[in-house]
Amino acid sequence: MRPADHRLSRRAFLAAAPAPLLALLGGCSLQPGSGWWEALAWAERLDEALARPFAGRLVKTYAREAWSAEFPVRSLTLAGDYPATLAAWRLRVDGLVERPASYSLAELRQAFPKVAEATRHDCVEGWSAIAEWGGLRVADLLAAVRPRPEARWIVFHAADYDADTGQRYYGSLALSHAAHPQTLLAYEMNGAPLPLRHGAPLRLKVPNQLGYKSTKFVHQISLVEQLEGLAGGRGGYWEDVGYAHWAGV
């Protein structure tokens with residue numbers, strides 16, 4: 001499926017989307033701490049509880065002829081020298097784990113079975129695209145580092161950042177979602193090394209959630225008990241600026 005010709009930017013989407021809701025709700029504010037925001041937070045907790053029995057449900061996969069010729073991509077800003085740093089890139093895994101680890105890309109390929117699946121990427125802006133992603137299951141990585149009992153969230157730290165605020169991009173998943181068998185850390189796209197514009201050398205791919213949950217340029221993974229205290233405390237860059245965490249589920 002090709003994206004629509006007229007796509008809203010994320011910032012425009014955030015600015016425009018609440019208006020009909022505010023009209024319907026008598027002017028309720030969609031801001032942290034407001035009654036409507038708290039209602040959405042309650043809905044998020046309910047959704048998480050209801051989703052647990054279906055956490056292993058697989059999404060549809062696609063044959064090569066269905067792969068999209070065009071796959072849009074949106075990212076924040078990368079440092080100009082980022083490509084030059086990739087030779088020394090390593091993935092650090094830390095936080096509430098029994099076995100903290102650090103891997104080069106070659107070590108990830110050697111240590112974990114490769115999985116390749118073509119799935120559909122659904123963007124919150126209204127477009128979809130299909131590509132094959134190759135890499136390792138997040139579940140296999142978790143099994144290797146052994147999460148401690150108090151760990152509830154897995155946080156993905158990225159190399160891109162907001163040029164206006166300096167805030168680094170990050171995202172998170174509940175461990176139940178991270179353990180889904182189709183949740184991958186991808187180092188290939190359509191059978192070739194992951195392109196820089198799509199998050200090289202490693203990106204998260206979560207096909208059963210909206211596209212903004214699939215963090216690109218991942219260089220550090222941390223397991224935590226709670227999200228409070230991380231940047232804006234909502235669990236991700238876009239959640240901190242207005243997306244509710246439940247919207248990615």
Side-chain angles (χ1 to χ4, degrees), residues 1-21 40 43-44 47-48 50-51 54-76 115-138 156 158 160 169-174 176-200 202-218 235-239 241-249:
M1 181 183 300
R2 291 184 179 273
D5 292 332
H6 303 288
R7 297 190 296 267
L8 286 175
S9 69
R10 285 187 172 91
R11 293 186 187 277
F13 178 87
L14 290 173
L21 295 175
L40 291 180
E44 175 186 344
D47 175 88
E48 174 68 19
L50 293 175
F54 306 99
R57 183 174 60 87
L58 301 181
V59 304
K60 181 178 179 179
T61 57
Y62 297 84
R64 178 181 289 270
E65 56 266 24
W67 299 2
S68 300
E70 178 184 356
F71 198 119
V73 63
R74 296 189 185 279
S75 303
L76 299 182
V115 178
E117 289 189 335
T119 53
R120 190 178 69 193
H121 180 103
D122 294 312
C123 182
V124 72
E125 295 170 356
W127 56 265
S128 298
I130 296 169
E132 182 189 73
W133 306 95
L136 63 139
R137 290 188 178 96
V138 174
F156 302 87
D160 52 336
Y169 194 97
Y170 77 106
S172 67
L173 293 172
S176 58
H177 289 299
H180 188 281
Q182 291 175 302
T183 300
L184 304 182
L185 286 165
Y187 47 72
E188 292 183 358
M189 181 181 181
N190 293 339
L194 185 68
L196 179 63
R197 64 191 296 264
H198 283 280
L202 193 71
R203 68 166 295 165
L204 181 64
K205 197 70 195 73
V206 194
N208 65 347
Q209 298 197 20
L210 290 174
Y212 74 89
K213 299 297 290 186
S214 293
T215 304
K216 298 186 289 295
F217 310 108
V218 175
Y237 173 84
W238 288 112
E239 290 89 338
V241 299
Y243 285 29
H245 200 275
W246 56 267
V249 176

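Between L136 and L184, the closest side-chain pair of non-hydrogen atoms is not below 4.5 Å. Using a 4.5 Å cut-off on side-chain heavy atoms (C-beta onward), T215 and Y170 make no contact. No side-chain heavy atom of V59 sits less than 4.5 Å from a side-chain heavy atom of E117. The side-chain heavy atoms of Q209 and H177, taken from C-beta on, include a pair separated by under 4.5 Å. Under the 4.5 Å side-chain criterion, counting only non-hydrogen atoms from C-beta, T61 is in contact with Q182. At least one side-chain heavy atom of M189 sits under 4.5 Å from a side-chain heavy atom of P195. In this structure, the side chains of E132 and Y62 stay at 4.5 Å or more apart for every pair of heavy atoms. Put simply, the side chain of L185 reaches to within 4.5 Å of the side chain of F156, judged on heavy atoms.
Rounding to the nearest 0.5 angstrom, the gap separating the OH atom in Y237 from the OH atom in Y212 is 13.5 Å. Note that OG of S75 is 4.0 Å distant from CZ of F217, once rounded to the nearest 0.5 Å. Separation of atoms CZ (R74) and CG (D160) is listed at 14.0 Å; rounding is to 0.5 Å. With rounding to the nearest 0.5 Å, the separation of CH2 in W133 from CG in L194 is 6.5 Å. Atoms CG and NZ, from L204 and K213 in turn, are 9.0 Å apart once rounded to the nearest 0.5 Å. Rounded to the nearest 0.5 Å, atoms CD (E239) and OG (S172) are 6.0 Å apart.
Under a 3.5 Å cut-off, the side chain of R203 and the backbone N or O of V218 do not form any donor-acceptor pair. The backbone N or O of L202 sits nowhere less than 3.5 Å from a side-chain atom of K216 that would complete a donor-acceptor pair. With hydrogens and angles ignored, the 3.5 Å screen pairs no side-chain donor or acceptor of N190 with any backbone N or O of A131. Proximity of a side-chain donor or acceptor of T119 to a complementary backbone N or O of P207 within less than 3.5 Å is not detected.
Here the closest non-hydrogen pair linking P181 and L58 is CG-CD2, 3.6 Å.
In summary, the side chains of H121 and K205 do present a donor paired with an acceptor at a separation below 3.5 Å, with no hydrogens or angles considered. Judged by distance alone, the side chains of D122 and S128 do bring a donor and an acceptor atom under 3.5 Å apart.
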